[in-house]
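We number each residue from 1, following the sequence as shown.
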Amino acid sequence: MAVERDIFGISGPTYLKSIDWNCEHNRRSVAASLVQAVYVLERDRQLNHQSFEALAPAWWEFLHFELIRKLIDDADMSIFGAIFEFNPPKEEASGANAPRFVIAFRGTITEKDTISRDLSLDLHLVQNGLHRTSRFNIAMQAVQNVASVFPGSTIWLAGHSLGAGLAILTGRNMVKKGVLLESFLFNPPFVAAPVERIRDERVKHGFRIARSVITAGLTIAMKAKTEGSSQRSVAEESFSILSSWTPYLFVNPGDHICSEYIGYFQHRKNMEDLGAGFIEKLATQNSIGDLFFKALGWESEPLHLLPSADLIVNVSPSSDFKYAHGISQWWQPELNLQCSKYRYS
């Protein structure tokens, strides 16, 4: 049975009859809608919707995109992503900032056909091990194929929640290959204690300073222990390279899964203002969890440690956590957004 959230005519951005590709709101809404399209594709599959019953096509056809390929998980055969190509009507110019391709990834679906696999991947993400999964390998291969077959084309990555984690991971790996992809990351998971939820600003600030000092100290200790070894951490090898990539992070303060990004970037600036930039430079490249996993000899790649980003915070009222973490908020026509640009140097 169809639910309203999946019906484009009821829940989608029907106001986007003409897309201004220079408008940040339009671009964000398109990216979020194509992520929603992947959710609906999978729910269509689970409900065994035939072509005339399918709800997903409206989510890309209204925006003048075509579905080029579904990305299928090899463990549960679910649709976790899709590749869309922009195909505007001949009478409409595509616009200089329009993407040619959008590769979108959904997040966790808590239905019986997908919950086991998706929660397993959520656990991999928490353990900084999403890069060791077959879903990531499928996603990475798809992104590489599009980038290599269509060199010079504008390609967007977009993802929500777990899907944002996949997008971060594929985007980071493409940077290391010399390809910068415009990336729209909705409610991306931040694997750390949700300090942003602490209301007392002094307690919050003190906690973050203490965590930075501990993280920097552990990093120095780990470096001393492995000095002379050829092994270097991912953070040391790639952080400065990754700084050239500036993804868009869309977060909601009411969503504890992603809200810590707000403090992550602001605290970095605060520490620089306090003259403790060296400590924070070490801390921002590492996490206590990452150092713990490495001490155990586990391969770890924390996704939330990003050098640069455009952080967009939705400070509009959220009715509950479900809405604050949901994808639908990001195509609403009137949002109260606070935007900050963070660049690593």
Side-chain angles (χ1 to χ4, degrees), residues 21 27 30-35 37-38 41-42 56 59-61 63-75 77-88 93-107 121 124-125 129-160 162-186 188 234 237-249 299 301 303 305-310:
W21 292 104
R27 289 154 57 82
V30 168
S33 296
L34 293 178
V35 172
V38 182
L41 269 171
E42 172 54 23
W59 287 89
W60 62 78
E61 290 175 352
L63 304 170
H64 304 304
F65 280 84
E66 292 181 2
L67 175 63
I68 302 301
R69 179 188 166 193
K70 301 172 186 176
L71 303 181
I72 311 296
D73 189 287
D74 61 351
M77 305 309 293
S78 68
I79 301 167
F80 72 87
I83 302 173
F84 302 98
E85 183 174 10
F86 185 47
N87 186 21
S94 63
N97 289 324
R100 179 171 180 185
F101 297 99
V102 177
I103 305 173
F105 306 108
R106 67 165 174 83
L121 291 163
H124 278 287
L125 189 150
L130 192 60
H131 62 293
R132 295 192 296 267
T133 66
S134 60
R135 183 176 289 189
F136 162 67
N137 290 331
I138 295 167
M140 189 67 215
Q141 191 62 55
V143 173
Q144 281 184 283
N145 287 347
V146 174
S148 61
V149 173
F150 301 96
S153 294
T154 301
I155 302 169
W156 286 6
L157 293 179
H160 173 247
L162 172 62
L166 272 181
I168 290 174
L169 197 52
T170 53
R172 286 163 62 112
N173 277 271
M174 291 304 290
V175 173
K176 296 170 188 176
K177 298 177 184 297
V179 180
L180 301 179
L181 300 179
E182 196 160 355
S183 302
F184 297 77
L185 311 174
F186 301 100
V234 172
E237 291 180 343
S238 64
F239 211 73
S240 61
I241 297 173
L242 290 176
S243 64
S244 60
W245 179 51
T246 309
Y248 299 103
L249 305 186
E299 184 187 354
E301 186 165 355
L303 304 184
L305 302 180
L306 295 172
S308 305
D310 283 1

Any side-chain heavy atom of [X] sitting closer than 4.5 Å to one from [Y]?
X	Y	answer
R172	S183	no
L180	S244	yes
M174	W245	no
V38	L34	no

Which pair of heavy atoms, one from [X] and one from [Y], lies closest together, and at what distance?
X	Y	answer
G159	A167	N-CB, 4.4 Å
L130	G165	CD2-C, 4.0 Å
V102	A158	CG1-CB, 4.5 Å
N97	R27	O-NH1, 3.2 Å
L41	A82	CD1-CB, 4.2 Å
I168	L303	CG2-O, 3.6 Å

* F80 vs L121, side chain to side chain contact (heavy atoms under 4.5 Å, CB included): CA-CA, chis, key distance, verdict -> CA-CA 12 Å; F80 72 87; L121 291 163; over 6 Å; no
Can you list, pair by pair, the side-chain donor-acceptor contacts under 3.5 Å of residues 148-155, counting residues two or more places apart and other chains?
| unit_1 | atom_1 | unit_2 | atom_2 | d |
| --- | --- | --- | --- | --- |
| S148 | OG | Q144 | O | 3.0 |
| S148 | OG | N145 | O | 3.1 |
| S153 | OG | F150 | O | 3.3 |

Closer than 3.5 angstrom, by distance alone: can the side chain of [X] be matched with the main-chain N or O of [Y] as a donor-acceptor pair?
X	Y	result
E182	W156	no
S308	S243	yes
R106	I79	yes
R69	A142	no

Rounded to the nearest 0.5 Å, how far does [atom2] of [Y] lie from [atom1] of [X]?
X	Y	atom1	atom2	answer
L181	L157	CG	CG	5.0 Å
Q141	I138	CD	CD1	10.0 Å
L185	H160	CG	NE2	11.5 Å
L305	L242	CG	CG	10.0 Å
K177	I241	NZ	CD1	12.5 Å
T133	L166	OG1	CG	6.5 Å

* Dump the intermediate steps for side chain to side chain contact (heavy atoms under 4.5 Å, CB included) on R135 and F105, then the final yes or no. => CA-CA 11 Å; R135 183 176 289 189; F105 306 108; over 6 Å; no
* Take the angle between the ring planes of F65 and F86 and call it parallel below 30°, perpendicular above 60°, tilted in between. =>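 The arrangement is tilted - the two ring planes meet at 30° to 60°.
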* To do: If the plane angle is over 60° it's perpendicular, under 30° parallel, otherwise tilted; pick one for F84 and W60.
  =>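 Ring orientation, 0 to 90° scale: tilted.
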* To do: Please assess L249 against L306 for the test side chain to side chain contact (heavy atoms under 4.5 Å, CB included), listing each intermediate value before the final yes or no.
  => CA-CA 10 Å; L249 305 186; L306 295 172; 4.0 Å; yes
* To do: Begin with the C-alpha distance, continue with both residues' side-chain angles, and end with the deciding distance and a verdict on side chain to side chain contact (heavy atoms under 4.5 Å, CB included) for F136 and T170.
  => CA-CA 8 Å; F136 162 67; T170 53; 3.9 Å; yes
